[in-house]
Amino acid sequence: MAHASDATDGRLWMGIECAATVLRGIVCEANGEVVTQRQRPLTGHAPAEAVAAVRALVAELAATEPDPALFGGVGLALPGSLNRATDRCESNTLWSAVALDELRPCGALGTAHLVSRATAALMGEYRCGVARGCQTVVYVEVGAELSAAMLHRGQLWSGATGIAGAIGYDSVDVDGDLTLQERVGGEGLIRRAKERMYRDRTSSLSRRGIPRDREIGLEDLLTMARVGDELAQVIIARAGVHLGMAAARLINLLNPELLIMGGELVSAGDVLLAPVREEVERRTAPSALAVCRLLPATVGAAVGAAQAACQALSTAD
């Protein structure tokens, strides 16, 4: 897999990250340098509204340049996994109900290149981030949903139907009743935070003065962890233990030279990553650990989606 070729130099690339409640879009150069960025909330829950919001953001970003011919392509990064057999997004979000063919047409900009968020982020790191020059890389996306993407000998590997890396289904207990998604995903973390807040009014989260009738989100929990809230840090650190166990399994199975942690949870810094590293060191075969670095992500999914589109064209050329 080559890096940016002469065929892509000088063109602009559009990338849109499709999250559960928001769209994040960028226009960037082939080297990943961002020229323009926009954000659009998803106010509805119907698939048609999500498709309309994507098209509106594509049009808004395209209008920032005088000529559509300046764009080389559009990449869309979707949560979860993209199943080639069903042409559906396998996700816990509204995107699972969206027909992918409705997202592909981009008018004068051609057909959008669709990838998972984890794959987009991996492509961004490979082309202009910490994975430049690497040939065997695993990217783990951890936030509202868990997923992974893999690069083997410089080529993306997504399995028979494109859903390789669906690590959220991995069991974290002997009986298999609790999955990694339930234990580490954003919804599970928030549920445990609320349980502690309402069960024990002396907990540190309760002392923050958050009203009972106010919904808290993953960003609230992360913010509280970053400012030193004890309970928030305990919840995220425990997630890091389970995530480290999963990372060790990936390293033992795939023997990568680099494992990248990305997604919303990584903004907690060492509160999350320290227990991840500890479990990886504890549970990984020494020979596999000796050749594998573990690093936080440096490139977002929107930039990665643009890079995936750029890569698709350069490979075709």
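The structure presented is a predicted model; accordingly, all values stated were derived computationally and were not measured.
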Over all atoms of both residues, closest heavy-atom pair of Ala20 and Thr93: CB-CG2, 3.8 Å

Heavy-atom check, side chain of Val35 versus side chain of Cys28, under 4.5 Å: no

Greater than 12 external heavy atoms within 6.0 Å of Glu187's CD: no

Minimum-distance pair of heavy atoms, taken over all atoms of Ala164 and Gly159: CB-N, 3.7 Å

Spacing of CG belonging to Leu103 relative to CH2 belonging to Trp95, to within rounding of 0.5 Å: 6.0 Å

Connected via hydrophobic side-chain network under 4.5 Å: Val115 and Leu156: no

Working for side-chain contact (heavy atoms from CB on, under 4.5 Å), residues Asn255 and Thr136: CA-CA 8 Å; Asn255 188 206; Thr136 308; over 6 Å; no

Spatial distance of atom CD (Gln39) from atom CZ (Arg24) [nearest 0.5 Å]: 5.5 Å

Give every donor-acceptor pair under 3.5 Å between a side-chain atom in residues 231-239 and any protein atom, sequence neighbours left out.
residue	atom	partner	partner atom	Å
Gln233	NE2	Ala225	O	2.9

Contact summary for Cys106 and Ala112, nearest pair of heavy atoms: SG-CB, 3.7 Å

Test item: side-chain donor near acceptor, Thr43 and Glu49, under 3.5 Å: no

Co-membership, hydrophobic cluster, residues Trp157 and Ile167, 4.5 Å side-chain: yes

Within-4.5 Å side-chain heavy-atom neighbours: Val137 and Pro256: no

Common cluster, Val138/Val184, ILVMFWY with side-chain heavy-atom separation under 4.5 Å: yes

Within residues 285-300 or reaching into it, pairs that qualify as side-chain hydrogen bond (donor to acceptor under 3.5 Å, both in side chains) - sequence neighbours excluded: Glu125-Thr298

Short side-chain to backbone donor-acceptor contact, Gln181 and Leu146, under 3.5 Å: yes

Side-chain heavy atoms of Leu100 within contact of Leu78, under 4.5 Å: yes

Sub-4.5 Å side-chain heavy-atom contact between Val51 and Val98: yes

For residues 264-276, which side-chain donor-acceptor pairs fall under 3.5 Å, sequence neighbours excluded?
residue	atom	partner	partner atom	Å
Ser267	OG	Arg226	NH1	2.9
Ser267	OG	Glu264	O	2.8
Asp270	OD1	Arg277	NH1	3.4

Considering all heavy atoms, the nearest Ala247-Met261 contact: CB-CE, 3.8 Å

CA sep, side-chain torsions, deciding dist, call: Leu114, Arg104, side-chain contact (heavy atoms from CB on, under 4.5 Å): CA-CA 8 Å; Leu114 307 187; Arg104 291 188 173 99; 3.9 Å; yes

Partner set under side-chain contact (heavy atoms from CB on, under 4.5 Å) for Glu90, not counting sequence neighbours: Asn83, Ile163

Point-to-point distance, once rounded to the nearest 0.5 Å, from CG of Leu254 to NE2 of His152: 9.0 Å

Reported CG-to-CG distance for the pair Leu294 and Leu258, which is rounded to 0.5 angstrom: 8.0 Å

With sequence neighbours excluded, residues passing side-chain contact (heavy atoms from CB on, under 4.5 Å) with Ala48: none

Within residues 110-119 or reaching into it, pairs that qualify as side-chain hydrogen bond (donor to acceptor under 3.5 Å, both in side chains) - sequence neighbours excluded: Glu17-Arg117, Ser116-Thr119, Arg117-Glu141

Non-hydrogen atoms of Tyr139 and Ala118 that approach each other most closely: CD2-O, 3.8 Å

Partner residues of Ile190 under the side-chain contact (heavy atoms from CB on, under 4.5 Å) criterion, sequence neighbours left out: Lys194, Ile216, Leu221

Interatomic spacing from OG1 in Thr161 to CG in Leu82 - rounded to 0.5 Å: 10.5 Å

Val22 reachable from Leu76 in the ILVMFWY side-chain graph, under 4.5 Å edges: no

Counterpart residues, salt bridge (charged side-chain N to carboxylate O under 4.0 Å, His left out), relative to Arg282 (two or more places apart): Glu279

Residue pairs fulfilling salt bridge (Lys or Arg N to Asp or Glu O under 4.0 Å) with at least one residue in residues 245-258, sequence neighbours excluded: Asp170-Arg249

Hydrophobic cluster identity match, Val241 and Val140, side-chain contacts under 4.5 Å: no

Pairwise distance CE(Met123) to SG(Cys128) - rounded to 0.5 angstrom: 9.5 Å

Under 3.5 Å donor-acceptor, Arg132 side chain and Arg127 backbone: yes

Would you give me the side-chain donor-acceptor pairs under 3.5 Å for residues 54-69, sequence neighbours excluded?
residue	atom	partner	partner atom	Å
Arg55	NH2	Glu102	O	2.9
Glu60	OE1	Arg40	NH2	2.9
Glu60	OE2	Arg38	NE	3.3
Thr64	OG1	Leu61	O	2.5
Asp67	OD1	Ala69	N	3.0

Residue pair Ile260 / Ala131: nearest heavy atoms and the distance that separates them: CD1-CB, 4.1 Å

Side-chain donor or acceptor of Asn252 paired with backbone N/O of Arg283 under 3.5 Å: yes

Which residues share a side-chain contact (heavy atoms from CB on, under 4.5 Å) with Glu182, sequence neighbours left out: Leu178, Thr179

Remaining members of hydrophobic cluster (4.5 Å side-chain criterion), Val299: Ile26, Val34, Val303

Minimum side-chain heavy-atom gap Leu180-Met245 below 4.5 Å: no

Main-chain N/O of Asn92 paired with Ser96 side-chain donor or acceptor, under 3.5 Å: no

